[in-house]
Structures are given as structure tokens and as C-alpha cells.
2 protein chains.
Amino acid sequence: MGTPLSRDPIAEARRNWEDHGWSDVAAPMAAITAIMRTQQILLARIESVLKPFGLTFARYELLALLSFTRKGALPMNKASALLQVHPTSVTNAVDRLERAGLVARSPHPTDGRTTLVGLTAEGHTVAQRSTSALNSQVFSEPGFPPGDVDALIRILGDFRRSAGDFEEMP
Amino acid sequence: MGTPLSRDPIAEARRNWEDHGWSDVAAPMAAITAIMRTQQILLARIESVLKPFGLTFARYELLALLSFTRKGALPMNKASALLQVHPTSVTNAVDRLERAGLVARSPHPTDGRTTLVGLTAEGHTVAQRSTSALNSQVFSEPGFPPGDVDALIRILGDFRRSAGDFEEMP
DNA sequence: TCCAAACGGTTGGATGTCCTAGTATATTCA
DNA sequence: TGAATATACTAGGACATCCAACCGTTTGGA
């Protein structure tokens with residue numbers, strides 16, 4: 001995040017789209033590009049808060065997910081489904097968290113294909129502390145006023161449902 | 001995007017946050033997580049459309065940016081500023097596009113530090129064709145109704161301005 | 001005129017994404 | 001009962017992100 005540009009590059013792109021005769025898709029293009037940029041900004045903020053815990057957002061999400069389960073453990077395929085990432089991304093995160101001593105793999109008691117990933121005591125502590133940090137440093141000042149937060153939840157919930165993420169009705 | 005989950009994992013996470021006493025930040029957390037997931041879905045759609053052109057979104061954005069300049073060329077530092085990515089990301093993209101014959105580097109006429117990156121004839125063609133494909137396959141059916149598109153543009157524009165992206169007032 | 005500071009771009013590295021392909025295990029169906 | 005199919009997870013790889021550090025060039029000020 002260097003010095004601000006004097007003009008909004010996405011508004012500029014939208015004008016370019018309109019100038020080229022693509023007016024009917026200029027607004028969706030701008031909205032989608034704005035989502036990309038907003039994610040990038042938020043990810044950078046989140047990662048700077050997590051860095052002192054030795055975490056990235058991907059690793060944090062797995063720790064947080066585990067911390068909300070009853071036993072602090074999940075089958076890896078379940079983690080992949082709930083985090084909505086490819087199984088190889090879960091393998092990567094578990095590898096790194098295991099190496100850091102925050103989780104441990106264990107075999108499933110009855111299914112030889114399945115590996116459980118569970119929080120260690122230290123993993124539980126780091127999950128709690130990093131969540132506190134995110135709550136106070138990112139989520140309490142998200143950069144959106146409350147009305148916009150509610151609008152985003154509705155708009156992006158509708159989008160995710162229509163994209164096939166889940167079936168729950170509002 | 002496998003089979004839909006029966007429940008919205010982000011709504012679930014929000015309930016977890018509320019159950020743990022973090023009600024005041026549960027909604028922003030859900031909004032931010034939804035932005036992350038929405039970006040991921042959109043990126044996957046965009047990349048599947050670009051794949052037949054041998055492009056990724058990062059490479060496409062650079063080609064598109066160049067195609068809107070007068071001479072089809074820009075200094076690399078300018079590209080970095082306008083695309084809002086780190087200079088090393090531009091180096092990476094230029095390397096790959098140059099290798100594919102879609103752009104070429106050239107020295108700046110008067111500033112020995114500066115490298116220009118310009119579209120080749122083939123790069124120009126690929127930029128046009130891939131933009132057409134995105135317009136017809138992604139931007140014409142973004143997954144958001146028009147009212148939501150306008151709301152996103154306003155909300156995310158306000159966010160990006162307050163994050164220091166640009167100074168232009170609405 | 002010279003030097004320190006800044007700029008531009010690269011290199012090497014860490015990280016995480018998903019793809020393809022492989023192996024081990026479980027399930028289903030004939 | 002056995003074979004085909006499906007599932008779970010991994011390995012190797014391509015890709016793109018940004019960080020830290022470096023080198024060459026330009027700029028500005030003493």
C-alpha cells in the first residue's frame with residue numbers, strides 16, 4: 001500500500017470498458033475487480049496481525065476450525081470441505097502446522113483411508129490468542145460501516161448459494 | 001466446487017463467534033470471510049475462461065492494462081502501481097508473457113532505470129479475444145443482480161478509498 | 001562536483017493455491 | 001466373493017503472491 005493513486009484504477013477500467021462499447025458488462029467487471037482488490041487488502045491486513053503468531057491466514061483458518069469442534073479434531077477431508085479448499089491445500093497447511101507443533105495427525109479409529117488432524121495444547125492456545133488479535137485488530141474495525149457489513153453478508157451469501165456453496169435458505 | 005454443503009459454513013462460523021461471546025465482531029468476520037470465499041469462486045471462473053488462451057488472471061490483467069494505453073506499452077513501475085501488485089509480481093508476469101511472445105521489454109528512451117513493457121501484435125490479439133471471452137462468459141452473468149452490482153461498487157469503492165487506494169471523491 | 005538517498009527492477013526464497021497422477025483403503029454390485 | 005468404482009490423502013509440479021536484499025541508475029543537496 002504505497003502512496004494513493006490520484007484516481008480509482010477500477011473506475012478508470014470501467015470507463016475503458018464503456019469507451020470500448022462494453023457498457024452492459026462494465027459494472028459487473030468493476031464489481032468483480034473490486035472484490036479481487038478488497039480481498040487482497042483484507043488478506044494483507046489479516047496476515048500482518050497473524051505474523052507474530054507464526055501463522056498465515058490459511059493456517060489460521062484450519063486452527064480456528066479445529067478449535068470449534070468438540071474434540072479439537074477433524075478428518076482431513078472434512079476440513080477440506082468446510083474450509084472450501086482443495087485437499088492438497090489442507091495437506092500443505094497440516095504439514096506446516098504439524099511441523100510447528102500446533103496440530104498432530106492421527107489415524108481414524110475405523111476408516112483406514114482417513115487421517116484425523118487434531119489441535120495440540122499449544123495449537124489450542126495459539127488459536128485462541130490469534131483469534132483475539134484478529135477480533136480486536138481486524139474485525140472490530142473492518143473498514144465497512146455496519147450497514148455495509150450487513151449488505152455484504154446478504155449479497156455475498158446469495159452469490160455463494162447460487163454458486164453451489166450450500167443449500168440453506170435464508 | 002463439489003457437492004453443496006447442507007449448511008452455510010460462514011453462517012456457521014458466525015454462530016460460533018457469537019457462542020464464544022464475540023457478537024460485536026461476528027458480522028464483520030462473516031463479511032470478510034465471505035469476501036475471501038467470493039474472490040476464490042470468481043477467480044476460479046475467470047481462470048477457467050482464460051485457460052484456453054494460455055493465460056492466468058494475473059497475466060490477463062497486465063495484457064488488458066497495456067491494451068488500454070495509447071502505445072500499448074508502459075513502464076513496469078507504472079504497471080505495478082496501476083495493478084496494485086508488488087513489483088516482483090509484475091516481473092513474474094512480464095517474464096511469462098514475454099516467454100509466450102505476448103509482450104516485449106524495451107529500455108526507456110531517457111531513464112536508464114526504467115524498463116518498458118509493450119504488447120506484441122499477438123499480445124494485442126490475445127488481449128482482445130480473452131477480454132471478449134470474459135465479457136461474454138463471466139461479466140455478462142456475474143452471479144449478482146444489477147442492484148447488488150451497484151451496491152458492491154459503492155461499498156467496495158468506499159472501502160478501497162479509506163484503505164488508501166486512491167483519493168478521488170465519488 | 002560529489003555523495004547520499006531514492007528509484008527501478010531483479011533474484012532468491014517462503015507461502016499457498018489447484019492440477020494431475022499415484023497409492024492405499026472402503027464400498028458397491030454382479 | 002471378487003472386481004470395479006469410489007474415497008482419502010499424498011507427491012510433484014505450475015503458478016502467483018510478497019518479503020528481503022541486491023545492483024544499476026537517477027536525483028537532489030551540500
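For clarity, every value in this text was computed on a predicted model and none was experimentally measured.
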Please check the phosphate of C/dT17 (OP1 and OP2 only) for any side-chain N or O of A/Ser89 closer than 4.0 Å. yes
Protein-nucleotide distance (B/Arg37, atom CZ; C/dT17, atom C1'), rounded to Å: 13 Å
Kindly indicate whether the side chain of A/Thr114 and the base of D/dC9 share any N or O donor-acceptor pair separated by less than 3.5 Å? no
With a 3.5 Å distance limit and no angle check, can you tell me whether B/Ser67 reaches the backbone of B/Ala64 through a side-chain donor-acceptor pair? yes
Taking CG from B/Asp95 and C1' from D/dA14, how many angstroms apart are they, rounded to a whole number? 15 Å
For A/His108 and D/dA8, is the shortest distance between a side-chain N/O and OP1 or OP2 below 4.0 Å? no
Using a cut-off of less than 4.0 Å, is there contact between a side-chain N or O of A/Arg105 and OP1 or OP2 of D/dT10? yes
Answer yes or no: is there a donor N or O on one side and an acceptor on the other, between the side chain of B/Glu47 and the main chain of B/Phe57, under 3.5 Å? yes
Between C/dG9 atom P and B/Leu83 atom CG, what is the distance in whole Å? 13 Å
Hey, is the side chain of A/Ser80 pairing donor to acceptor with the base of D/dC9 inside 3.5 Å? no
In whole angstrom, give the distance that lies between atom NZ of A/Lys51 and atom P of D/dC18. 13 Å
A/Arg154/B/Asp148 salt bridge by N-O under 4.0 Å criterion: yes
Between C1' on C/dT17 and CE on A/Met36, what's the gap in Å once rounded to a whole number? 13 Å
Is the distance from OP1 or OP2 of D/dT7 to the nearest side-chain N or O of A/Asn77 less than 4.0 Å? no
Can you tell me which nucleotide in D/dT10, C/dG9, C/dC19 comes closest to the side chain of A/His86? C/dC19
Could you tell me whether A/Glu12 and A/Arg15 make a salt bridge, using a distance below 4.0 angstrom between a side-chain N and a carboxylate O? yes
Pairs satisfying salt bridge (charged side-chain N to carboxylate O under 4.0 Å, His left out), at least one member in residues 89-105 of chain A, at least two apart: A/Asp95-A/Arg105, A/Glu98-A/Arg105
Could B/Arg161 and B/Asp165 be called an ion pair, given the rule that one side-chain N must be under 4.0 Å from one carboxylate O? no
Between B/Arg113 and C/dA6, is there a side-chain N or O to OP1/OP2 distance below 4.0 Å? no
Hey, does A/Thr115 reach any base, or is it just sugar-phosphate, or nothing, if we go heavy atoms under 4.0 Å? sugar-phosphate
How many Å lie between CD on A/Glu47 and C1' on D/dC18, as a whole number? 10 Å
Need one value for B/Gln40: base, sugar-phosphate or nothing, where a base atom within 4.0 Å counts as base even if backbone is also close, heavy atoms only. sugar-phosphate
Are any of B/Asn92's side-chain N or O atoms less than 4.0 Å away from OP1 or OP2 of D/dC15? no
Whole-Å distance separating the CZ atom of B/Arg99 from the C1' atom of D/dA14: 11 Å
How long is the line joining CZ of B/Phe57 and P of C/dT17, in whole Å? 18 Å
Is there a side-chain contact between B/Thr88 and the phosphate of D/dC18, meaning an N or O under 4.0 Å from OP1 or OP2? no
Return the 5'-most residue of the pair B/Asp111, A/Gln84 with respect to DNA chain C, ranking by each residue's nearest nucleotide. B/Asp111
When all nucleic acid strands are considered with a 4.0 Å heavy-atom cut-off, which category describes B/Val90: base, sugar-phosphate, or nothing? nothing
